[in-house]
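Before any comments, here is the structure.
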Amino acid sequence: MIDIRLVREDPARVKAALARRGVPPEDVDAIARLDGDHRAALARQEVLRARVKALSREVRDAKRSSDTARAAVLADESRRVGEELKAAARETDRLAADLRTLVLYTPNLPSDDAPDGRGPEDNVVLRRWWPGQDEGAPEPVPSDHQRVPHWEVGSSLRILDMPSGARLAGSMFPLYRGEGARLLRALTSWALTRHADAYEEIRPPTLVLTDTMVSTGHLPKFADEAYHIERDDLWAIPTAEVPLTSMRRGEILEEADLPVRLTAVTQCFRREAGAAGRETRGLLRVHEFEKVELFAYATPAQAPAVHLDILSRAEALLRELDLPYRVVDLCAGDLGTSSARTFDLEVYAPGSDQWLEVSSVSWFGDYQARRADVRFRPADGGPPALVHTLNGSALAWPRIWAALVEWGRQPDGSVRLPGVLSPWLGSGLAIRPG
RNA sequence: GGAGGCGUGCGAGAGCGGCCGAAUCGGCACGAUUGGAAAUCGUGUGUGGGGCAACCCACCGUGGGUUCAAAUCCCACCGCCUCCGCCA
């Protein structure tokens with residue numbers, strides 16, 4: 001949630017910031033109006049309640065002095081005020097609920113540093129990297145044998161079986177087999193080990209309560225994007241960000257313990273409503289996938305450094321995998337709802353001939369922390385303040401799998417995999433046609 | 001899933017329906033004492049909303065209800081513990 005106090009005190013600033021995302025100023029006015037109504041109603045309610053409490057004390061005193069008649073009169077008066085109070089409370093609750101709904105649907109204010117722009121076409125490519133770049137090697141040009149899309153490579157090597165996945169769960173549910181499945185396991189083990197120096201490994205639940213989904217901003221606005229288990233009212237998480245953000249929900253952390261850095265591998269579930277058709281072949285867009293996530297709770301002062309740490313860790317993994325990539329600074333219009341600033345990492349896949357988003361590294365400010373009510377007690381003894389949350393994939397495996405298989409394809413049709421994975425791949429660094 | 005017990009502040013733990021935002025002990029902070037420390041003594045110590053302030057309001061797992069008045073009574077739900085059942 002955005003800070004309602006900021007809407008109250010500096011609506012112009014909120015309007016200007018949200019306008020960069022395309023939010024009309026009237027939306028901010030509506031929030032301000034409802035907030036004013038709610039506060040006025042609350043004030044009326046409090047006066048009435050104070051009156052009831054005062055009368056109740058007088059009833060008590062009258063009874064103590066055995067003045068039954070007076071006690072009865074006072075009790076009647078209190079009952080009457082109590083009815084008024086009830087009505088006032090209903091009004092306050094209604095306004096509060098309306099206000100909350102409105103605020104829950106309002107996106108975060110983009111960071112001043114995020115570039116201007118309306119959509120993906122306005123994102124800024126900050127830099128590119130490719131193997132050997134430091135030694136002056138030119139950007140690699142894929143050979144013909146690398147121009148085969150991963151779904152063809154996967155099918156002919158029998159390491160990816162999309163038809164079987166579709167038979168089990170429908171389209172866009174991949175089924176990996178043999179060395180293809182083992183490659184996923186290797187990537188996960190390798191990545192978690194690489195983060196273990198500073199990030200505590202977590203295995204969270206992947207089905208969560210509605211409140212947990214609301215805290216990150218995935219609900220109520222994007223209910224159509226998530227799988228929902230109706231009978232038990234649980235949601236399948238679209239990313240480990242969801243359980244990790246709520247791990248300390250409602251708590252006050254000590255500043256000395258910050259930043260709290262966590263890493264987790266989870267299955268991620270996305271309905272991808274409306275994504276049918278384009279760019280859904282093979283592993284480019286799937287309903288269920290595995291991803292290693294980096295996450296942190298930080299003080300506002302720590303947040304920028306943590307943001308860069310997560311970004312550099314995700315980049316380091318790509319470099320160790322020898323995958324050419326670019327860093328994209330998302331413009332205000334293309335930011336996710338909860339994010340204030342996001343860097344996407346995109347890998348080039350020669351067979352699919354596309355830049356594939358394999359990581360999204362975001363700084364959420366206090367937007368999610370306010371929804372999740374996660375605060376910290378400043379070391380200087382000041383009042384508790386909201387933490388900042390940050391996260392980034394490191395990394396999402398299906399598209400990495402695709403890029404590895406396409407770049408690694410040899411003239412003889414086999415696939416060579418990067419050396420860093422050798423401890424987890426056992427004997428074979430290469431997947432050969434069998 | 002069945003039976004029973006319990007959910008109070010940083011922790012432990014009290015709390016005849018009114019004087020309870022809450023005893024007491026511990027922890028922590030500050031002060032006194034001390035050459036310094038321990039011990040001792042004193043003071044303070046929740047979160048949020050409103051008001052220039054005095055002060056007012058909310059919160060004792062969550063949500064309803066009873067009552068002039070609810071931490072306290074009633075109902076439902078959730079969580080934890082114990083026993084039974086089932087189970088990878």
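Chain A is the first sequence line, chain B the second, and so forth, proteins listed ahead of strands; every chain is numbered from 1.
Using Watson-Crick or G-U wobble geometry with both donor-acceptor distances under 3.5 Å, B/rA29 finds its partner in B/rU43.
Distances were taken from every side-chain heavy atom of A/Pro384 (C-beta onward) to each of B/rG18, B/rG49, B/rG48; the shortest belongs to B/rG48. Picking from B/rG48, B/rC68, B/rG49 the nucleotide with the shortest atom distance to the side chain of A/Glu46 gives B/rG49.
At a non-hydrogen distance threshold of 4.0 Å, nothing from residues 203-213 of chain A comes into contact with RNA chain B.
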Sort me out a list of protein N/O and nucleotides 69-78 of chain B N/O pairs below 3.5 Å, or just none if empty.
{"residue": "B/rA69", "atom": "O4'", "partner": "A/Ser56", "partner atom": "OG", "Å": "2.8"}

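With sequence neighbours excluded, no residue satisfies salt bridge (Lys or Arg N to Asp or Glu O under 4.0 Å) with A/Arg90. Partners of A/Arg167 according to the salt bridge (Lys or Arg N to Asp or Glu O under 4.0 Å) rule, which considers only residues two or more places apart in sequence or in another chain, do not exist here. A/Glu290 pairs by the salt bridge (Lys or Arg N to Asp or Glu O under 4.0 Å) definition with nothing, not counting sequence neighbours.
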Donor-acceptor contacts under 3.5 Å from residues 96-108 of chain A side chains, at least two apart:
{"residue": "A/Thr101", "atom": "OG1", "partner": "A/Ala97", "partner atom": "O", "Å": "3.0"}
{"residue": "A/Thr106", "atom": "OG1", "partner": "A/Leu102", "partner atom": "O", "Å": "2.8"}
{"residue": "A/Asn108", "atom": "ND2", "partner": "A/Ser338", "partner atom": "O", "Å": "3.0"}
{"residue": "A/Asn108", "atom": "ND2", "partner": "A/Phe364", "partner atom": "O", "Å": "3.1"}

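For the P atoms, the distance from B/rG4 to B/rG63 is 26 Å, rounded to whole Å.
A centroid separation of 6.0 Å or more is found between the aromatic rings of A/Phe269 and A/Trp235.
Where A/Arg39 and A/Ala75 each meet RNA chain B at their nearest nucleotide, the meeting point lying more 5' is that of A/Arg39.
Side chain to side chain, A/Arg319 and A/Tyr325 meet the donor-acceptor criterion of an N or O pair below 3.5 Å.
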